[in-house]
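The structure appears right after this line, and notes come after that.
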Amino acid sequence: MQPFSLLIKPASADCNLRCDYCFYLDKSALYPESGKHRMSEATLRVLLQRYFETPQPAYAMVWQGGEPSLMGAPFYKQVTELQKELAPRGARIANSMQTNATMVGDGLAAHMSKYRFLTGVSIDGPAELHDVSRRTVKGKSTHARVVQGLRTLQKHRVPVSGVTLVSTANVEEPVRVYRHLRELGLSSMQFVPCVEWDAAGEPLPWTITGEQWGRFLEGVFEEWFVAQDWNVSVRNFESVLARLVGAQSGECRLCERCDQYLVVEYNGDIYPCDFFVNELYRLGNIHDISLLDAREAQAYAAFAQAKSHIPALCGACPYLSVCMGDCPKFRLAAPAGATHAGRSWLCEGWLYFFRASWDRFHALARNIASRAA
């Protein structure tokens, strides 16, 4: 069986911020029955039981949102106690959290440190870039509060990674963004392209173009490579290197299939991907079916395999073995028979970036292979 992780939404789409570009806030409309969405102890227990029924080299659980810190420290203490109670003997358990950090206090940080929660903190660069899109419900800036939460995590020695959404607010400032993350003491980071459309299929104002994405990646890569910041982990680059040395990519969008994880919502509903949380893709509920049943469902198999359907044009691309056609969310809709049908919105950017960095990536890959020999 293909190992898989869980992306868990314990507070669903609930969040204390209102970031302009957030794609998940609207998911609360799926669950209109209450103002607040919080995972119950009963659902948490069943979720863990279902996951521990599956054979895994490591049981990897990502607590995400919305904003998962809304659950508070008591919930995550309950999580780790139940994990210890229910996990198979000798099981490896890896918890991680994706948070805006504005609500992280000493109690939660201390618990996350004790259980080594790998924590991704959303930060889009210096305040004047970050605060363009990342604001509170009342429209106030958040950068200072994010940094305060980050410092709290660092004080408690929680392993922290910076997660930067690359939007029109910061896409022209790759070096400033990278240096700001380094100045905050972050030696692990990843950059996520912002690509969102409206109901008519038109790009929303914060959506970047492929060319912008390529130049942003190039800017970060040049800063990282020239400085030889080999102790700095940039997930985007490590994922490329993993593909070149024959290992599994750390990013699902660079994998052959969409079967690396399952999403579990606050009430136990199961989905194949958080980009596709809607009734069309709902696989069932953990109170009714096992996670193995969800992964063996015909609907899941079709979803997982759909990524491999790429246009003929991609077949001649020298970078296909790394790009793998990119994330299905980013693929363009086009008339049947059009040469660009199925291509990623970011395709031109990937081409630009790989042309600029390909030889150096191969040199790094050879160095990695020689050290492993």
Side-chain angles (χ1 to χ4, degrees), residues 1-11 24 39 43-69 71 75-99 108 111-122 153 158-163 188-190 192 233 235-236 238-239 242-243 247-266 268-277 283 286 290-296 300 303-304 327:
M1 185 194 73
Q2 167 77 18
F4 65 95
S5 58
L6 294 183
L7 200 165
I8 305 165
K9 309 278 190 175
Y24 211 78
M39 181 173 284
T43 297
L44 174 62
R45 177 177 285 273
V46 172
L47 164 62
L48 295 176
Q49 288 173 333
R50 297 290 198 189
Y51 194 31
F52 290 139
E53 289 171 355
T54 71
Q56 305 288 340
Y59 293 90
M61 286 163 259
V62 183
W63 305 90
Q64 202 187 61
E67 176 46 47
S69 67
M71 300 299 295
F75 174 80
Y76 292 102
K77 290 177 181 178
Q78 188 177 68
V79 165
T80 51
E81 287 304 309
L82 285 173
Q83 287 174 339
K84 287 186 286 186
E85 174 190 336
L86 299 171
R89 184 182 297 274
R92 292 177 55 214
I93 298 173
N95 287 296
S96 57
M97 181 186 291
Q98 176 62 42
T99 176
L108 179 57
H111 187 72
M112 292 167 69
S113 176
K114 180 179 179 180
Y115 289 94
R116 301 297 293 171
F117 275 61
L118 176 63
T119 305
V121 171
S122 298
L153 291 164
V158 176
V160 182
S161 178
V163 180
S188 175
M189 61 192 72
Q190 61 177 301
V192 181
S233 168
R235 190 181 185 193
N236 308 71
E238 290 187 351
S239 296
R243 298 290 306 179
Q248 180 74 13
S249 171
E251 294 183 88
C252 56
R253 65 173 172 257
L254 302 188
C255 294
E256 293 92 340
R257 292 166 51 88
C258 294
D259 61 356
Q260 288 75 44
Y261 67 90
L262 288 173
V263 175
V264 182
E265 258 286 351
Y266 87 104
D269 282 348
I270 308 166
Y271 300 91
C273 171
D274 63 339
F275 287 152
F276 295 89
V277 171
L283 299 170
I286 58 167
S290 71
L291 294 175
L292 286 176
D293 286 341
R295 287 184 57 90
E296 291 173 359
Y300 184 78
F303 178 88
C327 175

Nearest-0.5 Å distance, [atom1] of residue [X] to [atom2] of residue [Y]:
| X | Y | atom1 | atom2 | value |
| --- | --- | --- | --- | --- |
| R50 | I270 | CZ | CD1 | 8.0 Å |
| T99 | L108 | OG1 | CG | 7.5 Å |
| L48 | E53 | CG | CD | 11.0 Å |
| T119 | Q98 | OG1 | CD | 9.0 Å |
| S69 | M112 | OG | CE | 8.5 Å |
| C258 | F275 | SG | CZ | 10.5 Å |

Quick one, [X] and [Y] - any side-chain contact, counting heavy atoms below 4.5 Å?
| X | Y | value |
| --- | --- | --- |
| V46 | Q49 | yes |
| F117 | L153 | no |
| C273 | F303 | yes |
| P159 | R116 | yes |
| V263 | F276 | no |
| M61 | V79 | no |
| N95 | Q83 | yes |
| Y24 | V277 | yes |

Evaluate whether atom NZ of K84 has more than 12 neighbouring non-hydrogen atoms of other residues, nucleotides or ligands under 6.0 angstrom away. yes
Do side-chain atoms of [X] reach the backbone of [Y] as a donor and acceptor pair under 3.5 angstrom?
| X | Y | answer |
| --- | --- | --- |
| R235 | V163 | no |
| T80 | Y76 | yes |
| Y59 | T54 | yes |

Under the 6.0 Å and 45° cation-pi test, does K9 pair with Y271? no
Where do [X] and [Y] come nearest, in terms of heavy atoms and distance?
| X | Y | value |
| --- | --- | --- |
| P10 | Q64 | CD-O, 3.3 Å |
| A87 | I93 | CB-CD1, 3.8 Å |
| A294 | L262 | CB-CD1, 4.5 Å |
| P3 | Q56 | CA-OE1, 3.3 Å |

Kindly assign one of parallel, tilted or perpendicular to the pair F4 and Y51, based on the angle between their ring planes and the thresholds 30° and 60°. tilted
Which is it for L82 and R45 under the side chain to side chain contact (heavy atoms under 4.5 Å, CB included) test, yes or no, and what are the steps along the way? CA-CA 7 Å; L82 285 173; R45 177 177 285 273; 3.2 Å; yes
Name the one of E238, E256, E251 that satisfies salt bridge (Lys or Arg N to Asp or Glu O under 4.0 Å) with R243? E256
How far apart are the C-alpha atoms of L44 and F75, what are their side-chain angles, what is the distance that settles it, and do they pass the side chain to side chain contact (heavy atoms under 4.5 Å, CB included) test? CA-CA 10 Å; L44 174 62; F75 174 80; 4.0 Å; yes
Pair S5, Q260 - check side-chain hydrogen bond (donor to acceptor under 3.5 Å, both in side chains), show working. CA-CA 7 Å; S5 58; Q260 288 75 44; over 6 Å; no
List the steps and the verdict of side chain to side chain contact (heavy atoms under 4.5 Å, CB included) for Q2 and R257. CA-CA 11 Å; Q2 167 77 18; R257 292 166 51 88; over 6 Å; no
L47 vs M39, side chain to side chain contact (heavy atoms under 4.5 Å, CB included): CA-CA, chis, key distance, verdict: CA-CA 10 Å; L47 164 62; M39 181 173 284; 4.1 Å; yes
